[in-house]
Amino acid sequence: MNQKRKNLMNELGRDKLPDILIASSECAPLSKTGGLADVAGALPKSLAKLGFDVRVITPFHRCAKNIYATQTEHLCHFSVNLGWKQEYVGIEKLTLDGVTFYLVDNEYYFGSDKIYWGGEGEIEQYAYFARAVLEAIPLLDFQPEVLHCNDWQCAIMPVLIKTQYQARPQGALRTLLTLHNMRFQGCCEFGQLASLLGLDSGYMGEGCLGYYGRANQMKGGLIFADKINTVSPTYAEEIRTPLGGEGLHGVLEEHSYKLSGIINGLDYKVFNPWTDPTIPTHYSAGKRSGKAKCKQALCERLGLEISPDTPIIAMVTRMTDQKGFDLVMWAMEQIVNMGAAFVLLGTGETGYEQFMRQMEYNHKGRVVSYIGYNADLANQIYAGADFYLMPSLFEPCGLSQMIAMRYGAVPIVRATGGLKDTVQHFDGTNGTGFLFYDYTADGMLGAIYEALQVYQDKPAMETLVHNAMSTNFSFDLSAQQYADLYLELIRWK
């Protein structure tokens, strides 16, 4: 335990770290659609190394039940009121890799193949989850002091704790709300949320959920949570501006005294080119010869007809405007004309998917678009690519650029959010990648041109790849900051 933490413990008169319950709508390896799941899965393991008892409560989604149903222990079951209905809640307990998970079981809400229903149905789906979590807490074989909530799906929990549960045991919980993406806020008609959760008209005030005549769950969470953090220091600054705050910049500015930014990390046991079972040859920062073999294997698997010296630029991404895909559309022909091959794995908006299929047809053997998702192939792309492109319009943190560096695929990124915080521009000796600032196709092409010039300078490229692979993005570093934040929460009691 570091000295700062010891001092806080002494100040609080404690000999035991606070117990933490992390609430998340998805959590790897049980369920995953994005980086939230990776964070919820990796953070508890790193916090456990620091001496915390940290557990996770998450829906028992169909994708998890198909694999882990026979490994769970039934802990308890009860009913909750949701609008005019009474709904079953089962709490199943599962331990994986030393982490205890409490799985909220309900076939209606979590029995389909979709983690998120979308539309108004999703509001009901996660209103149920919020109510189930708060009612379950006194019944667990573990009594947390801190409830760590993630994104809008859990943002109503701090509101309910400070109002409906104020006089109950749950009212003693300290709450942390982590913002993974401000674009998604759980907005809906107030009547729908009021009916589901028994909210009176007072919740629609400006000091609670009211937002242009609708209910905004993220807003309520920002106001009522004891602490707020987001997943990079730069994004914590950006969301306090009209451009980055998605309409809530004023609320965030008002509550900036409790806002901080903590860079996400990686689970280095999962993302490790020296041990990764999904890639054809293992390698490390100090022994990189295997990376060339991974590149050859990737070309063979995807049908790339290029020489070993042709640089491969890759993306593993959701194909949306947030990820800068409109810039990719403008620049794809120029990227190919620069002499690079291009590999994409992902799904997204129909127009982008059709564009990539057309590019693959036009540049057969040089452009590959795998429309879909395949976790093993994703790792093989990281291992086989020379460069990794992330021209994001905004990026709260981003894990892909960290994974890419871990696997020796040099990032080319726009300097926004966590990308700015994690990638340092290469100057010939120092640095880990290439950044551009203006959100334009020309800005992106300039960074790509600079990267391809370095690629032709073999000693410089060797230095750059070594720098990237040697950067430490272990979640152990992030966990230290979360540990201090949890203790600050307890000190506020």
Using modelled atom types only, decide if a donor and an acceptor are shared between the side chain of E395 and the backbone of A415 within a distance under 3.5 Å. no
Name all residues meeting the side chain to side chain donor-acceptor pair (under 3.5 Å) criterion together with D113; count only those two or more places apart in sequence or in a different chain, and write none if there are none. none
Just so I know, are the side chains of F52 and V146 near enough to count as touching, which here means a heavy-atom distance under 4.5 Å? no
Residues 130-140 vs salt bridge (Lys or Arg N to Asp or Glu O under 4.0 Å), sequence neighbours excluded, gives E135-R168
Approximate separation, where rounding is to 0.5 Å, of Y370 OH and M356 CE: 14.5 Å
Exactly one candidate in T416, L419, N181 meets side chain to side chain contact (heavy atoms under 4.5 Å, CB included) with Y235; the answer is N181
Donor-acceptor contact below 3.5 Å, side chain Q125 vs main chain Y109: yes
List in chain and number order the residues that pass ring pair (Phe, Tyr, Trp, His ring centres under 6.0 Å) with W274, two or more places apart in sequence or in another chain; answer none if no residue qualifies. none
Side-chain heavy atoms of N264 within contact of L43, under 4.5 Å: no
Return all side-chain donor-acceptor pairs below 3.5 angstrom for residues 197-215, not counting sequence neighbours, or 'none' if the list is empty.
{"unit_1": "D200", "atom_1": "OD1", "unit_2": "G202", "atom_2": "N", "d": "2.9"}
{"unit_1": "Y203", "atom_1": "OH", "unit_2": "T163", "atom_2": "OG1", "d": "2.9"}
{"unit_1": "R214", "atom_1": "NE", "unit_2": "E189", "atom_2": "OE2", "d": "3.1"}

Determine whether the side chains of S24 and N150 contain a donor N or O and an acceptor N or O closer than 3.5 Å. no
Residue pair L177 / M218, side-chain heavy-atom distance below 4.5 Å: yes
Counting only heavy atoms not in E120, do more than 12 fall under 6.0 Å of its CD? no
Mind checking ring pair (Phe, Tyr, Trp, His ring centres under 6.0 Å) for Y116 and listing every partner two or more places apart, or none if nothing turns up? Y126
Just grab all the ring pair (Phe, Tyr, Trp, His ring centres under 6.0 Å) pairs involving residues 168-197, residues at least two apart or on different chains. none
Any pair counted as salt bridge (Lys or Arg N to Asp or Glu O under 4.0 Å), so long as it reaches residues 20-35, sequence neighbours left out: K32-D38
Rounding to 0.5 Å, atoms CD (Q86) and CG (N81) come to a distance of 5.0 Å
pair I20-P144: side-chain heavy atoms closer than 4.5 Å: no
With F60, the side chain to side chain contact (heavy atoms under 4.5 Å, CB included) member among I91, T72, L94: T72
Which label fits Y128 and F110: parallel for a plane angle under 30°, tilted from 30 to 60°, or perpendicular past 60°? tilted
Scan for side-chain hydrogen bond (donor to acceptor under 3.5 Å, both in side chains) pairs involving residues 404-415, sequence neighbours excluded, and state none if there are none. D276-Y407
Do T432 and N467 have side-chain N/O donor and acceptor atoms under 3.5 Å apart? no
Identify, with sequence neighbours excluded, every residue that meets side chain to side chain donor-acceptor pair (under 3.5 Å) alongside K114. none
With sequence neighbours left out, write down each residue that passes side chain to side chain donor-acceptor pair (under 3.5 Å) with D19, or none if nothing qualifies. K16
Any chance NZ of K85 has more than 12 other-residue heavy atoms, nucleotides or ligands included, within less than 6.0 Å? yes
Return yes if some donor-acceptor pair links the side-chain N/O of K258 with the main-chain N/O of L222 below 3.5 Å, else return no. yes
I'd like to check H74 versus E92 (side-chain heavy atoms, cut-off strictly below 4.5 Å). Are they in contact? yes
Quickly, which of V316, L345, I279 forms a side chain to side chain contact (heavy atoms under 4.5 Å, CB included) with Y382? Name it, please. V316
For V56 and A40 the tightest heavy-atom approach is CG2-O, 3.9 Å
Greater than 12 external heavy atoms within 6.0 Å of L243's CG: no
Test your reading of the model: is there a side-chain donor-acceptor pair from Q153 to the backbone of C149, 3.5 Å cut-off? no
If we only count heavy atoms from C-beta on, is the M157 to Q170 side-chain gap below 4.5 Å? no
Spell out, as yes or no, whether a donor-acceptor pair under 3.5 Å connects the side chain of K162 to the backbone of F224. yes
Sorted by chain and residue number, the side chain to side chain contact (heavy atoms under 4.5 Å, CB included) partners of T347 (sequence neighbours excluded) come out as E353, I371
Measuring from E237:CD to L259:CG, what's the distance to the nearest 0.5 Å? 9.5 Å
Report yes or no: does D226 contribute a side-chain atom to a donor-acceptor pair with the main-chain N or O of T175 at less than 3.5 Å? yes
Centroid-centroid under 6.0 Å between W152 and F129 rings: no
Return yes if a side-chain donor-acceptor contact under 3.5 Å exists between T178 and N229, otherwise no. yes
Quick one: CD on E122 to OG on S25, what's the gap to the nearest 0.5 Å? 8.5 Å
List for me each residue that meets side chain to side chain donor-acceptor pair (under 3.5 Å) alongside N374, sequence neighbours excluded, and say none if there are none. none
